[in-house]
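These notes concern the structure reproduced below.
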Amino acid sequence: MKKIMMVTVAVLATVAFAQTETVVKMPGIQKIDMENLLDVPVGSTLLDTGIKRVTQEEDVLQIEVPLEWSEKAKCRALRVSHILVDNRRLIILGGLGSNVYPTIAEGAFAMTNEVISAVRKVSDGKAMVVPLQFYKQKGYCEMIFTWKPDPKKNVERELVVRGFATAKRQMAVCTCLHTKGDTLRAGFATPKR
């Protein structure tokens with residue numbers, strides 16, 4: 001698989017779901033908790049039924065998740081906004097999350113408290129973290145977490161968390177969960193100032 005910069009392909013899931021359901025049954029896999037990005041079953045197979053492929057040339061499909069499915073998320077930055085799927089094998093490669101907080105302080109709190117708490121819980125306190133770094137020229141701050149979801153396997157998950165301050169003094173917090181070492185890169189688009 002060639003290197004990819006988070007392909008922004010809009011794909012429609014043609015499976016009917018209840019609007020109030022927050023744990024959604026995707027075709028061919030177990031239930032996915034759309035309120036917690038860290039629970040996305042990376043590596044599970046998604047059956048071909050219910051997926052409309054845009055083109056065969058795209059390596060990664062990005063399936064949009066309606067906001068209603070994650071309205072009650074404890075950490076809004078970790079709500080699932082997109083599921084990333086391998087176009088050819090239909091394997092879940094990861095997920096994306098995002099939220100715009102009304103103030104920079106609320107966004108910073110989410111990054112430094114809520115996300116850290118959620119990662120600590122899912123990794124049993126064993127996650128490694130690259131502490132919050134500020135990249136003034138690029139216009140964002142970033143934290144990266146890595147942990148082994150299964151201690152018996154040599155596979156690590158990576159969660160990239162980026163925060164962007166907007167011109168209105170709000171903070172957008174974007175998250176990307178995937179397997180460390182895969183060809184996915186967290187190529188978030190920086191908002192215009």
Side-chain angles (χ1 to χ4, degrees), residues 3-13 19 22 24 32-40 42 54 58-85 93-122 127-147 157-180 182-193:
K3 290 186 178 179
I4 303 165
M5 291 289 294
M6 296 293 177
V7 181
T8 55
V9 179
V11 179
L12 301 174
Q19 290 290 333
T22 60
V24 179
I32 299 175
D33 181 0
M34 295 300 176
E35 294 178 355
N36 189 352
L37 180 66
L38 302 177
D39 289 338
V40 170
V42 176
V54 177
E58 300 297 341
D59 289 334
V60 177
L61 300 178
Q62 187 170 305
I63 302 171
E64 187 173 355
V65 176
L67 180 61
E68 302 86 54
W69 294 354
S70 60
E71 280 181 338
K72 298 175 184 172
K74 291 179 184 175
C75 177
R76 304 279 297 161
L78 290 176
R79 73 166 194 86
V80 180
S81 62
H82 295 81
I83 301 287
L84 304 173
V85 179
L93 300 174
L96 302 174
S98 64
N99 189 55
V100 177
Y101 290 90
T103 66
I104 291 175
E106 289 177 77
F109 180 84
M111 287 181 73
T112 59
N113 290 281
E114 293 175 345
V115 172
I116 290 174
S117 177
V119 171
R120 183 181 312 127
K121 183 177 178 182
V122 77
M128 299 295 291
V129 62
V130 175
L132 188 62
Q133 304 285 317
F134 292 90
Y135 301 99
K136 187 174 182 179
Q137 290 180 337
K138 295 180 181 178
Y140 64 83
C141 59
E142 176 181 83
M143 296 172 62
I144 301 174
F145 300 88
T146 56
W147 70 94
R157 290 287 175 267
E158 181 175 71
L159 177 69
V160 179
V161 182
R162 288 192 180 158
F164 305 91
T166 68
K168 295 179 180 179
R169 306 296 296 159
Q170 297 173 320
M171 188 166 190
V173 178
C174 303
T175 52
C176 174
L177 176 75
H178 66 106
T179 301
K180 186 175 180 180
D182 63 13
T183 57
L184 294 177
R185 300 290 177 259
F188 299 110
T190 307
K192 303 263 188 234
R193 292 191 178 257

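We use all heavy atoms of the structure for the numbers below, so side chains are in, but hydrogens, waters and symmetry mates are not. Since this is a predicted model, take the numbers as computed values, not measurements.
Considering only residues two or more places apart in sequence or on other chains, Val65 meets the side chain to side chain contact (heavy atoms under 4.5 Å, CB included) condition with Met34, Trp69, Val80, Ile83. Listed by chain and residue number, nothing satisfies the side chain to side chain donor-acceptor pair (under 3.5 Å) test with Glu114 (two or more places apart in sequence, or in another chain). For Lys180, the side chain to side chain contact (heavy atoms under 4.5 Å, CB included) criterion is met by Thr146, Glu156, Glu158, not counting sequence neighbours. Residues passing the side chain to side chain contact (heavy atoms under 4.5 Å, CB included) test with Val42, sequence neighbours excluded: Val40, Arg157, Leu177, Thr179. Ser117 pairs by the side chain to side chain donor-acceptor pair (under 3.5 Å) definition with nothing, not counting sequence neighbours. Judged as a ring-ring contact (aromatic ring centres under 6.0 Å, His included), and not counting sequence neighbours, Phe109 has no contacts. The side chain to side chain contact (heavy atoms under 4.5 Å, CB included) test applied to Leu132 returns Met111, Thr112, Phe134, Cys141, Met143, not counting sequence neighbours.
Side-chain contact between Leu38 and Trp147 is present, with at least one heavy-atom pair separated by less than 4.5 Å. Proximity of Cys174 to Leu96: side-chain heavy atoms (C-beta onward) are nowhere separated by under 4.5 Å. With a 4.5 Å cut-off on side-chain heavy atoms, Leu159 and Leu37 count as touching. Counting heavy atoms from C-beta on, the side chains of Glu64 and His82 come closer than 4.5 Å.
Annotation: the span from Arg169 atom CZ to Met171 atom CE amounts to 10.0 Å, rounded to 0.5 Å.
Panel note: side chain Thr175, backbone Gly97; a donor-acceptor pair is recorded below 3.5 Å.
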Distance-only donor-acceptor pairs under 3.5 Å for side chains of residues 98-106, two or more places apart:
from: Tyr101; atom 1: OH; to: Ala77; atom 2: N; distance (Å): 3.1
from: Thr103; atom 1: OG1; to: Glu106; atom 2: N; distance (Å): 3.1
from: Thr103; atom 1: OG1; to: Glu106; atom 2: OE2; distance (Å): 3.2

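For the side-chain contact (heavy atoms from CB on, under 4.5 Å) with Val161, the qualifying choice from Val119, Val115, Ile116 is Val115, the only one to do so.
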Between Leu67 and Arg79, does the side-chain contact (heavy atoms from CB on, under 4.5 Å) criterion hold? Intermediate values first, please.
CA-CA 9 Å; Leu67 180 61; Arg79 73 166 194 86; 3.3 Å; yes
